[in-house]
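Just so it is clear, the model here is predicted, and its values are computed rather than measured.
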2 protein chains.
Amino acid sequence: MSAQIKEPFDRKKQHGNKRLAVIRAAGEAFRRRGYHNSSMTEIAQTLGLTKTALYYYVKSKEEILYECHIMVYDAFDECLLEHMAAAETGLNELSIIFSELVKLLTRDGLSLLTDVSSLSGESQKDVLSRRGVIEARVTNIVERGMADGSIRKGDAQLTVFFFMGALNWLNAWYAPEGRLDGDMIAAEFTAQMRAGIAG
Amino acid sequence: MSAQIKEPFDRKKQHGNKRLAVIRAAGEAFRRRGYHNSSMTEIAQTLGLTKTALYYYVKSKEEILYECHIMVYDAFDECLLEHMAAAETGLNELSIIFSELVKLLTRDGLSLLTDVSSLSGESQKDVLSRRGVIEARVTNIVERGMADGSIRKGDAQLTVFFFMGALNWLNAWYAPEGRLDGDMIAAEFTAQMRAGIAG
DNA sequence: TATAAATTTGACTCAAGAGTCTAATTTTTG
DNA sequence: CAAAAATTAGACTCTTGAGTCAAATTTATA
């Protein structure tokens, strides 16, 4: 009887999990070789599947790209919500958040993709708007820091662009098996970001 | 008689100029919509030409992408050569160079593309090696700065990755007609970079 | 003006890859 | 076990866009 409820739930859950695995694998491929240099067939093979199987989990290749973007921004949002207003000064708040974001991006294959142009219409608008909202929130923190004196005065947006570049550039060089591990990168990056803007 | 020498020279020169215009226009398209979202036909139309005309100037689309990359790195090299060892401390030298690089990237449509994966074999190796050499040179300057005490000690490569991100991210947001002009960006970015690493 | 070189065009070929169809197989549930 | 749902596979279609070709036109040179 509990089965009547649990079973279909488990099915959906499994389906969801597999779908997630597909998106993850695709995201990793996109990050390494780029969206257009990764074919659905190749992505499927990575997972030991055939192309058609992929289409059982996703509607289109573009949907995968969309989900990849959204997934990261969801994680970003969560991170912001969790760590916002946890510190006294704007500078401290920003430091915590920045550090967490670096850790996020060096963990479990979440990566900030840059190919937004390959999304069409609504999706593209969506993603850009999500990015915009996040940037705006971060910019607010910076402005708060400028107000409370913890951050040197200047163009807040420009300040944000600078260190957001560091996050986005991570994709280009970071290798999970490389010399530098996530925590170390987070620590050094945060120190550099902090010193760069401290008031 | 002087014509016998000048004429063919002028022809080649004109051909070269047009070729350059093609690469510039394509580079701009690549920067805005990405390599794979820019068709040769569209690029040609931008210049008021037809596709075949393009192939009179370049061998292939990939060659254009290659040239775009090389062109920027040539400019980078020139910038490095011109401004290296012009300052006493590593920090000062780096500041000058960084500022010049920002100005370079906000000038005449030179932009740092990220799509290296769409280059095949040799070209890709070439471009990555060029990038590597430049990064290595910058890293050397940072190490010199760490040695002379002008730059805070730490992992030099990581330090470089951080602010190189700012340069690469420029493409994503910089708009020539926007609120922020090149000189202003260069000034603020350099200040932020400098404060971030000063010893 | 005549010949050769430079430059352009529109119509074509061709390959890659996204997405679909049909049918087979496996798993779940009553 | 039987019926329904979930999942997979291989062969197919169709579009997009890179690159080519043969011929036309323009420009330079003798």
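Residue B:S118 holds its OG atom at 8.0 Å from CD of B:E62, rounded to the nearest 0.5 Å.
One interatomic measurement links the two molecules: OH of A:Y56 to C1' of C:dT20, which rounds to 16 Å at whole-angstrom precision. If you measure from atom CG of B:L47 to atom P of C:dT9, you get 11 Å, rounded to the nearest angstrom. Atom-to-atom, OH of B:Y66 to P of D:dA18 comes out at 21 Å; the value is rounded to the nearest Å. What separates CD of B:Q45 from C1' of C:dG10 is a distance of 13 Å, to the nearest Å. Note: CD (B:E63) to P (D:dG19) measures 10 Å, nearest angstrom. Rounded to whole angstrom, the span from the CD1 atom of B:I43 across to the C1' atom of D:dA18 amounts to 11 Å. For A:N17 and D:dA6, the CG to C1' distance is 15 Å, given to the nearest whole Å.
A salt bridge is absent between B:E28 and B:R24; no separation between the charged side-chain nitrogens and carboxylate oxygens falls under 4.0 Å.
One cannot find a donor-acceptor pair under 3.5 Å joining the base of D:dG19 and the side-chain atoms of B:T52.
The main-chain N or O of A:G34 is found under 3.5 Å from a side-chain atom of A:S38 such that the two form a donor-acceptor pair. A:E63 places no side-chain N or O within donor-acceptor distance of the main-chain N or O of A:V58, the cut-off being under 3.5 Å.
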What N/O pairs connect the protein and nucleotides 13-19 of chain C at under 3.5 Å? Give each pair on its own line.
{"from": "C:dA18", "atom 1": "OP1", "to": "A:K61", "atom 2": "NZ", "distance (Å)": "2.8"}
{"from": "C:dA18", "atom 1": "OP2", "to": "A:M40", "atom 2": "N", "distance (Å)": "2.9"}
{"from": "C:dA18", "atom 1": "N7", "to": "A:K51", "atom 2": "NZ", "distance (Å)": "3.1"}
{"from": "C:dG19", "atom 1": "OP2", "to": "A:Y55", "atom 2": "OH", "distance (Å)": "2.9"}
{"from": "C:dG19", "atom 1": "OP2", "to": "A:K61", "atom 2": "N", "distance (Å)": "2.8"}
{"from": "C:dG19", "atom 1": "N7", "to": "A:K51", "atom 2": "NZ", "distance (Å)": "2.7"}
{"from": "C:dG19", "atom 1": "O6", "to": "A:K51", "atom 2": "NZ", "distance (Å)": "2.6"}

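Taking the ring axis of B:F98 as reference, the NZ or CZ atom of B:K103 does not stay both within 45° of it and closer than 6.0 Å to the ring centre. Cation-pi geometry between A:K18 and A:Y56 is not satisfied (NZ or CZ under 6.0 Å from the ring centre, within 45° of the ring normal).
In this structure, the nucleotide among D:dA9, D:dA6, C:dT8 sitting nearest to the side chain of B:L49 is C:dT8.
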